[in-house]
Amino acid sequence: MLAFVLRRLAQSVAVLLTVGVVAFFMFRYVGDPINAMVGQDTSLQERDELRQKLGLNDPAPIQFLRFIGNAAQGKFGLSYRTSEPVGRMILERMPATLELSFCAAMFSLLVGVPMGVYTGLYPRHWSSKLLQAVSLIGVSLPTFLVGILLILVFAVFLRLLPSFGRGETVDIGWWSTNFLTTKGLLALIMPSITLGLFQLTLIMRLVRSEMLEVMRTDFIKFARARGLSNRAINFGHALKNTLVPVITIAGLQLGAIIAFAVVTETVFAWPGMGQLFIQSVQFADIPVMAAYLMLIAFLFVVINVIVDLLYFLVDPRLRSQGGAARVSGH
Amino acid sequence: MDWYRRAIDSDIWWSFKSSTTTVVAASVTLFIFAMAFLAPILAPHTPFDPATLSLSDGLRPPVLFSPEGDWSFPLGTDDQGRDVLSAIMYGTRLSLEVGFAAVIAAMLIGITLGLISGYVGGAIDAVIMRVADVQLTFPAILVALLIDGMVRGIISVKRHDEIAIYVVVGAIGLSFWVQYARTVRSSVMVEKNKEYVQAARVIGLSPMLIMVRHVLPNVTGPVMVIATINLGLAIITEATLSFLGVGLPSTEPSLGTLIRLGNDMLQSGDWWVSLFPGVTLAVLVLAVNLLGDWLRDALNPKLR
């Protein structure tokens with residue numbers, strides 16, 4: 001197990017370093033950092049002095065090490081667009097994105113798994129077939145279109161839910177939360193559904209096909225022969241055996257949710273990291289883009305490692321093998 | 001008429017005919033393609049010629065939903081008095097062009113790198129495949145956004161609008177190449193040890209010629225399947241980029257741009273400006289995806 005964890009950590013560091021190189025090249029060579037910092041009337045000599053002071057004349061590897069060292073401390077320089085420290089800009093907007101992603105992930109799991117179990121247990125019932133057809137449409141709908149349709153129905157026609165912003169938030173230290181006010185909770189509903197819908201259909205289809213597979217196996221027949229209740233068979237035996245692929249996909253999709261928050265946040269004017277990223281793409285604000293890229297890479301790597309470790313909790317076979325085999329690639 | 005009889009007799013035609021969903025999907029796809037590519041002939045108005053627009057026609061609702069509608073604007077107009085139906089026809093055309101071009105770009109990049117990776121092997125293979133692994137960690141839309149942002153950093157924002165369509169095609173192409181490279185590489189690794197390749201090498205053909213003329217034809221099947229499935233994804237990615245305001249500019253709107261422009265009018269209840277392009281996009285992608293699924297199953301020898 002230890003060897004497995006160490007190997008995974010080494011791979012993660014390799015991925016982070018590669019992304020770090022890309023981010024460094026963007027930061028250093030796309031556009032000129034000096035131009036963005038000084039005014040039009042700065043003389044060439046002053047520019048050169050500043051360049052020397054900031055270490056922009058040092059050899060590239062040394063600059064790269066300094067960049068990575070600063071990034072590890074959360075220092076990503078100043079934004080070209082607002083001249084604020086990039087680290088603080090991202091930190092301010094992080095709670096909004098993380099709360100939205102958390103709600104979307106919960107929505108897709110808490111609705112997707114039961115729907116998958118149901119359609120897997122009764123595949124021939126008309127309601128299962130209806131759910132299957134609806135899920136196919138769900139996969140084809142682009143995220144932003146789902147958001148627009150929801151706004152049209154629930155905000156414009158029915159006037160039930162707010163269509164933009166976070167509503168009221170409460171600050172706990174530096175973290176501002178939506179969960180403590182009614183308006184904040186109402187504002188979360190539509191963005192979470194929009195963001196979670198694609199994942200919901202994916203999880204539902206996955207659980208369904210895994211359930212169909214497991215229900216055909218011999219150990220389910222034996223469980224029935226032993227006279228166990230349907231409930232114990234469906235959930236204790238069948239569902240438990242579908243968990244490994246579900247955890248893999250759900251975990252990897254958590255990363256996708258945080259990335260797709262970019263789209264949802266734009267539709268609902270949600271003041272999170274994704275909106276910041278889109279603005280930085282529009283204005284070619286390279287330091288913010290580089291920092292966002294590193295942060296997302298870090299989140300993805302952490303999620304992947306956690307998913308791998310969860311296998312050990314769920315699958316007893318892995319524990320006995322000492323973790324030599326991976327359950328499934330991706 | 002020999003090819004005709006052979007086509008009618010083939011397995012693929014039989015599997016096509018026997019699936020109602022596929023026939024419907026194919027008809028819908030054909031209809032949308034025809035509508036888009038014949039737009040200059042069929043469209044009732046020329047929506048992006050300011051001379052033909054009249055502000056007094058602005059924000060007219062669709063005919064079937066309101067008595068204020070006008071039959072010369074069956075799906076209503078936007079705030080500039082542009083006919084929504086004509087805008088959709090031209091927009092679909094742009095969306096399809098970008099989608100096809102992006103898939104072809106991804107194919108070219110992916111096949112080239114896959115061939116090199118599989119045939120040459122060694123350090124080059126390792127580098128290409130590690131880059132592919134890292135890129136696969138991120139969703140395609142993020143990669144496309146990053147590339148778009150970097151291009152904006154290199155050239156000025158104003159010039160960016162002029163070449164926006166090429167930037168979008170390039171960004172989507174570069175974010176979808178990995179799948180092709182992986183498929184081609186694994187096929188090449190199998191093929192390159194077969195006797196016909198060894199024979200070609202013995203008679204002194206250059207590696208380039210062997211790859212393109214002898215190895216490549218053996219991997220076209222899976223590549224075509226990926227391309228069909230990717231077309232829907234490429235169209236969605238382009239629409240998303242345009243919706244976010246970093247894709248095609250509003251002077252040359254694709255379906256995604258139309259939805260973004262209409263979205264501003266949504267709050268005041270003028271729903272038709274964004275909803276109809278949205279429905280067109282959804283139907284197009286659904287039909288293309290259904291065709292892709294069918295092609296994958298039809299060409300998969302394991303399922304036959």
Side-chain angles (χ1 to χ4, degrees), chain A residues 11 14-19 22-23 25-26 29-32 80 136-137 139-149 151-153 155-157 163-164 252 255-260 262-263 266-267 274 277-286 288-290 292-293 296-297 300-301 304 330, chain B residues 21 130-131 133-157 160 232 235-246 255-256 259-260 262-263 266-271 274-275 277-279 281-290 293:
Chain A
Q11 282 172 4
V15 170
L16 281 181
L17 275 182
T18 318
V19 175
V22 174
F25 271 90
M26 278 172 62
Y29 298 106
V30 178
D32 184 0
Y80 289 174
L136 191 67
I137 297 172
V139 182
S140 295
L141 273 182
T143 315
F144 67 93
L145 211 54
V146 176
I148 290 180
L149 289 177
I151 288 181
L152 185 65
V153 174
V156 177
F157 287 161
S163 65
F164 61 89
L252 296 177
I257 283 183
I258 294 174
F260 267 98
V262 170
V263 180
T266 310
V267 176
F277 178 62
I278 284 295
Q279 285 162 354
S280 68
V281 168
Q282 279 165 348
F283 289 93
D285 192 350
I286 300 290
V288 178
M289 284 167 64
Y292 183 80
L293 176 66
I296 290 288
F300 273 47
V301 161
N304 276 344
H330 49 258
Chain B
T21 326
R130 286 299 80 72
V131 172
D133 285 347
V134 172
Q135 191 179 326
L136 216 57
T137 325
F138 298 98
I141 182 82
L142 264 191
V143 178
L145 276 170
L146 270 176
I147 295 170
D148 193 278
M150 272 154 79
V151 173
R152 274 164 208 266
I154 294 168
I155 63 170
S156 72
V157 175
H160 186 271
I235 294 174
I236 286 192
T237 309
E238 182 277 323
T240 308
L241 287 178
S242 295
F243 176 78
L244 294 174
V246 294
L255 286 177
I259 298 169
R260 171 166 62 90
N263 196 29
L266 194 65
Q267 294 295 335
S268 48
D270 304 320
W271 49 272
S274 56
L275 188 70
V279 170
L281 177 68
V283 170
L284 172 64
V285 171
L286 183 62
V288 169
N289 280 350
L290 285 171
D293 280 354

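Proteins come first, then strands; the chains are lettered A, B, ... in the order of their sequence lines, and each starts at number 1.
The parts of B/F138 that come within reach of chain A are both its backbone and its side chain, each placing non-hydrogen atoms under 4.5 angstrom from that chain. Only the side chain of A/V156 has a heavy atom closer than 4.5 Å to any heavy atom of chain B. Proximity to chain A (any heavy atom under 4.5 Å) is shown, for B/I235, by neither the backbone nor the side chain. At a 4.5 Å heavy-atom cutoff, the contact between B/L146 and chain A is made by backbone and side-chain atoms alike.
Top candidate by heavy-atom pairs under 4.5 Å with chain B, chosen from A/A256, A/A155, A/A297, A/S280, is A/A297. The most heavy-atom pairs under 4.5 Å with chain A, out of B/V283, B/N289, B/L244, come from B/L244. Most heavy-atom pairs under 4.5 Å with chain A, from the set B/L266, B/V134, B/D293: that is B/L266. In terms of heavy-atom pairs under 4.5 Å with chain B, the best-connected choice from A/L152, A/V15, A/T143, A/V262 is A/L152.
Heavy atoms only, all atoms of each residue included: A/M289 and B/M150 are closest at CE-N, 3.8 Å. Contact record, A/I148 with B/S274: CG2-OG, 4.3 Å, taken as the closest heavy-atom pair. For the pair A/V281 and B/V246, the tightest heavy-atom approach, listed with the atom from each and the gap, is CG1-CG1, 3.7 Å.
In this structure, A/F157 and B/W271 have perpendicular ring planes: the angle between them is above 60°, well past the 30° mark.
In this structure the side chain of A/P142 never reaches within 4.5 angstrom of the side chain of B/V285, judged on heavy atoms. Side-chain contact between B/P139 and A/F300 is present, with at least one heavy-atom pair separated by less than 4.5 Å. Side chains of A/I278 and B/L145 form a contact here, defined as non-hydrogen atoms less than 4.5 Å apart.
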Side chain to side chain contact (heavy atoms under 4.5 Å, CB included) for A/Y292 and B/L142? Distances and angles first, verdict last. CA-CA 10 Å; A/Y292 183 80; B/L142 264 191; 4.0 Å; yes
Kindly indicate, with the supporting measurements, whether the criterion side chain to side chain contact (heavy atoms under 4.5 Å, CB included) is fulfilled by A/L141 and B/L286. CA-CA 8 Å; A/L141 273 182; B/L286 183 62; over 6 Å; no
